[in-house]
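Structure first, then comments.
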Amino acid sequence: MSLDSVKAPRGRPKTLNRNHILEIAMLAYWQSGTRDVSINEICRQANVSKPGLYREFGNEDGLMTAVLLAYLQAVLIPLLEILQSERPFHQVLDELVTFIAEDSPERQVPKGCLMVKMRESRMSLGQETQSQIVKSHKEILGMYERWIQGCKDNGSFRSEMSPAFAAEYIDAQLTSALAQLARGEDSANVKRILETSLSVFR
């Protein structure tokens, strides 16, 4: 994973590596959840002082918001870019299922989805992070809806569901699968359940 495109703010000399802190915090939150990772632990892993971290991000809420944005940029948005493909609806849907549910030994990141974990615990998070979660989720639903509308226009989406409802439905099924994977459930079984739930489009 690379966070090279996450730019540090201008205006003062840097005494710490912002991208390094974001990557450390992202992996910690992704692996253990936001409720089980303290600022002190992130400072320890990143080898930075708490005052230095607060100077960079303002507070824990600011750090979590920055981590969520970095995650969306580095991990989630590239995945959702496949929705821009001109391929038929079912081919793209199958690719989404495979990417999410298949257990590959080449993956070097935690199972599940940091965005899903943050959504599940959002009421315990800071106001800025909560607002960003809601905003980002709406953006993701919009990407699904535009993809489905395009497939409806080209004839590869034949369901009577509206694109908006189909987007909500697909998002709910993918979210459930990612939550199951994060809990350590068998990936093959998760994939079968996901494929069954999406068979309504067949």
Side-chain angles (χ1 to χ4, degrees), residues 1-9 18-43 45-46 53-54 56-84 96-97 99-101 107 109-148 163-185 190 194 197:
M1 132 186 358
S2 172
L3 300 180
D4 291 343
S5 56
V6 182
K7 301 298 184 183
R18 178 184 175 90
N19 288 355
H20 176 65
I21 295 172
L22 286 174
E23 188 164 357
I24 291 292
M26 181 193 301
L27 291 173
Y29 291 145
W30 195 351
Q31 180 71 53
S32 303
T34 54
R35 286 176 289 197
D36 295 327
V37 179
S38 68
I39 282 287
N40 288 336
E41 177 61 19
I42 291 172
C43 289
Q45 291 188 29
L53 186 144
Y54 280 168
E56 184 66 30
F57 297 99
N59 52 31
E60 186 173 24
D61 193 17
L63 173 63
M64 286 190 183
T65 301
V67 166
L68 176 58
L69 290 170
Y71 175 81
L72 292 169
Q73 186 176 53
V75 179
L76 204 54
I77 295 303
L79 165 61
L80 295 178
E81 283 177 354
I82 71 172
L83 302 180
Q84 300 174 11
L96 275 174
V97 170
F99 185 92
I100 287 172
R107 292 193 183 185
V109 295
K111 290 185 177 181
C113 172
L114 177 58
M115 173 74 171
V116 170
K117 287 186 175 183
M118 284 188 160
R119 282 175 59 196
E120 288 178 340
S121 62
R122 67 184 180 276
M123 298 311 295
S124 66
L125 304 179
Q127 191 61 51
E128 185 181 358
T129 307
Q130 289 188 42
S131 297
Q132 187 60 54
I133 290 169
V134 171
K135 179 181 178 182
S136 297
H137 187 221
K138 287 181 179 178
E139 291 172 352
I140 290 168
L141 288 174
M143 292 178 71
Y144 285 138
E145 186 174 351
R146 289 189 294 274
W147 161 55
I148 294 166
F165 182 79
E168 292 269 6
Y169 182 84
I170 290 171
D171 177 70
Q173 307 316 309
L174 298 179
T175 295
S176 177
L178 287 163
Q180 289 174 301
L181 291 170
R183 293 194 297 268
E185 298 184 23
V190 170
L194 181 56
S197 69

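No experiment lies behind these values; they were computed from the predicted model shown. Computed from heavy atoms alone, side chains included, the values below leave out hydrogens, waters and symmetry copies.
In terms of the side-chain contact (heavy atoms from CB on, under 4.5 Å) criterion, residue partners of Arg146 (sequence neighbours excluded) are, by chain and number, Met143. With sequence neighbours left out, Glu185 forms a side-chain contact (heavy atoms from CB on, under 4.5 Å) with Gln180, Arg183, Val190. Under the side-chain hydrogen bond (donor to acceptor under 3.5 Å, both in side chains) criterion, Gln132 pairs with Ser136, not counting sequence neighbours. Thr175 pairs by the side-chain contact (heavy atoms from CB on, under 4.5 Å) definition with Val116, Arg119, Asp171, not counting sequence neighbours. With sequence neighbours left out, Gln84 forms a side-chain hydrogen bond (donor to acceptor under 3.5 Å, both in side chains) with no residue at all.
When all heavy atoms of Lys117 and Ser32 are compared, the pair lying nearest together is NZ-N, 4.4 Å. Of all the heavy atoms in Arg122 and Ile133, the pair that sits closest is CB-CD1, 3.9 Å. When all heavy atoms of Met64 and Leu125 are compared, the closest pair comes out as SD-CD2, 3.7 Å. Nearest heavy atom pair, residue Ala25 against residue Ile42, reads CB-CD1, 3.9 Å. Heavy atoms only, all atoms of each residue included: Leu194 and Ala177 are closest at CD2-CB, 4.0 Å. Closest of all the heavy-atom pairs between Met26 and Ala70 is CE-C, 3.7 Å.
Listed for the Trp147 side chain is no donor-acceptor partner under 3.5 Å among the backbone atoms of Ala167. With hydrogens and angles disregarded, no donor-acceptor distance shorter than 3.5 Å links the side chain of Lys111 to the backbone of Gly184. Within the 3.5 Å criterion, the main-chain N or O of Thr129 finds a donor-acceptor partner in the side chain of Thr65. Checking side-chain atoms of Ser121 against main-chain N and O of Ser124 turns up no donor-acceptor pair under 3.5 Å.
Using a 4.5 Å cut-off on side-chain heavy atoms (C-beta onward), Leu174 and Ile100 make contact. With contacts defined as side-chain heavy-atom distances shorter than 4.5 Å, the pair Leu22/Tyr71 does not qualify. Taking 4.5 Å as the limit, every side-chain heavy atom of Ile39 sits out of range of all side-chain heavy atoms of Asn59. Contact annotation: the side chain of Phe57 approaches that of Ile21 to within less than 4.5 Å [non-hydrogen atoms, C-beta and beyond]. Residues Glu145 and Glu168 have side chains not in contact (no heavy-atom distance under 4.5 Å, counting atoms from C-beta outward).
With rounding to the nearest 0.5 angstrom, the SG atom of Cys43 is 11.5 Å from the CD1 atom of Ile24. Atom CE of residue Met115 and atom CG of residue Leu72 lie 6.0 Å apart, to the nearest 0.5 angstrom. Here Leu114 contributes atom CG and Tyr29 contributes atom OH; the two are 9.5 Å apart, rounded to the nearest 0.5 Å. Interatomic distance, Gln73 CD to Leu68 CG, rounded to the nearest 0.5 Å: 11.5 Å. Atoms CD and CG, from Gln31 and Asp36 in turn, are 11.0 Å apart once rounded to the nearest 0.5 Å. A distance of 9.0 Å separates CD1 of Ile170 from CG of Leu83, quoted to the nearest 0.5 Å.
Within the structure, every pair that satisfies the ring pair (Phe, Tyr, Trp, His ring centres under 6.0 Å) test and touches residues 165-185, not counting sequence neighbours, is listed here: Tyr169-Phe201.
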